[in-house]
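Numbers for residues simply follow the sequence, beginning at 1. Because only heavy atoms are used, hydrogens play no part in the values below, and waters and symmetry mates are left out as well, while side chains stay in. These numbers come from a predicted model, not from an experiment. Each ligand, and each atom within it, is numbered from 1 in the order the structure gives.
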Amino acid sequence: MHDYASRLLAASEKEFAGYQGSATAASSAADLSTGEIRIERPDWLESAIVSGAQRAPLGYVDPQGLVGLRKQYASFLSNAGYHFDEGNVLVTYGAKEALWVALIANTDEGHAVLLPRPGWTQYYLWAQALGARAHFYDPRIGNLVAEIAALFDQARPSVLILNSPNNPTGAEISERDFASIVELAAHYQVSILSDEVYRYYALQRPAGSVLGPLQAGTSRLLYVDSLSKMLGLAGLRIGFLLADRGMVKKLEVVRSSFGSCVSAVAQTIAQELLSHDQCLSWIDQIDRVCRQRLSTVGERLRSHGYEVESAGALYLWVRDPLAAHGQCTGQIVLGGTPARVAPGHLFGRPGYFRLCPIRDRHVLASVFPEQQSHEKEKV
Ligand SMILES: Cc1ncc(COP(=O)(O)O)c(C=O)c1O
């Protein structure tokens, strides 16, 4: 067995046991552990999915992604003020594949990689499996730029992963800090993998991003986005990687070596959705729901004595009261249906848990029975 596979399997059995478990598995508890948007979808979206599926090509398609979809995504970004063309876009099987392909193409065994901690489980899992040396920065730290500069100097990494807003804490990197970090990375010849799947739900406006420097032609920058979070459609498995044309071509070869093309049906649906005149208002609606849910569920948790340390992206990051007794919380019971949460060790921080409250109201009402009478939202 190749080292990558054996290290991955070993980590999945030890510190990350249970991480890949299915959200719908076994228990009757409500699932607030999965980082997913599960709210009622508008009718137009369901119709656009059907009509996209009906006109999809059913043979192999361009391994870089359907040109129509790549153009549509570039035009979506140009509405936000960033100008790229279809040659800068690689369509992937979700953000996860984009990040993995970018990481394996930019990291060798023994190289150092700089990761956020608390951070998304997968980054650390990959670093371990690839035999890379993982170094960590805290995305919540006051002087992030100085922290990253010191780590560049000490660890000499080949890759820095940024994730703003951060999963699980919601911490955000400002536009100014992004610009300084990009400058430092150019100096130290570090590639930046910027995982911005939650940027649509950032509190800072405009959300910090590598898109500006990438558009200006800075090299070694890779930007990752996904319809899983942007449109709340994780099952569609459509992600985007944006980089200079040379990097995109290189990564296309890597991903098509094992994945041929991304599903042409999913890509045609994605194009239909991104070109729909209600697409932006759906993103705004998800954003409003996220803010409302984070705020009301955060209040509920506080009223039950939990210490909510932060809220952002799709998450509440909560101190784990069981940590004082050497245990960890995997489920909370507040008088209604028990609810599963994600324990902090999966994000490199035992002593916390992460909860995703972006769920239909009836699910939240069953977990937080008092919730109904307090909710005055219109969703
Ligand atoms: C930070 C982060 N990046 C990437 C992903 C993967 O997204 P996708 O469903 O597009 O693969 C997730 C999923 O939860 C995530 O939290």
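Under 4.0 Å is where a charged nitrogen must lie from a carboxylate oxygen, and between Asp225 and Arg199 no such pair does.
Ring centroids of Tyr315 and Tyr198 are separated by less than 6.0 Å, placing the two rings close together. Ring centers of Phe353 and Tyr306: under 6.0 Å apart, within the cut-off.
Checked by atom type, the side-chain pair Gln64/Lys249 shows a donor-acceptor distance below 3.5 Å. For the 3.5 Å distance criterion, the side chains of Arg354 and Asn167 qualify, holding a donor opposite an acceptor.
Contact annotation: the side chain of Pro213 never approaches that of Phe178 to less than 4.5 Å [non-hydrogen atoms, C-beta and beyond].
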I'd like the atom pairs linking ligand 1 to the protein - N or O on both sides, separation under 3.5 Å - with distances to 0.1 Å.
from, atom 1, to, atom 2, distance (Å)
ligand 1, 3 (N), Asp195, OD1, 3.4
ligand 1, 3 (N), Asp195, OD2, 2.6
ligand 1, 9 (O), Ser228, OG, 2.7
ligand 1, 9 (O), Arg237, NH1, 2.7
ligand 1, 10 (O), Ala95, N, 2.7
ligand 1, 10 (O), Ser226, OG, 2.6
ligand 1, 10 (O), Ser228, OG, 3.1
ligand 1, 11 (O), Ala95, N, 3.1
ligand 1, 11 (O), Lys96, N, 2.9
ligand 1, 11 (O), Arg237, NH2, 2.8
ligand 1, 14 (O), Lys229, NZ, 2.9
ligand 1, 16 (O), Asn167, ND2, 2.7
ligand 1, 16 (O), Tyr198, OH, 2.6

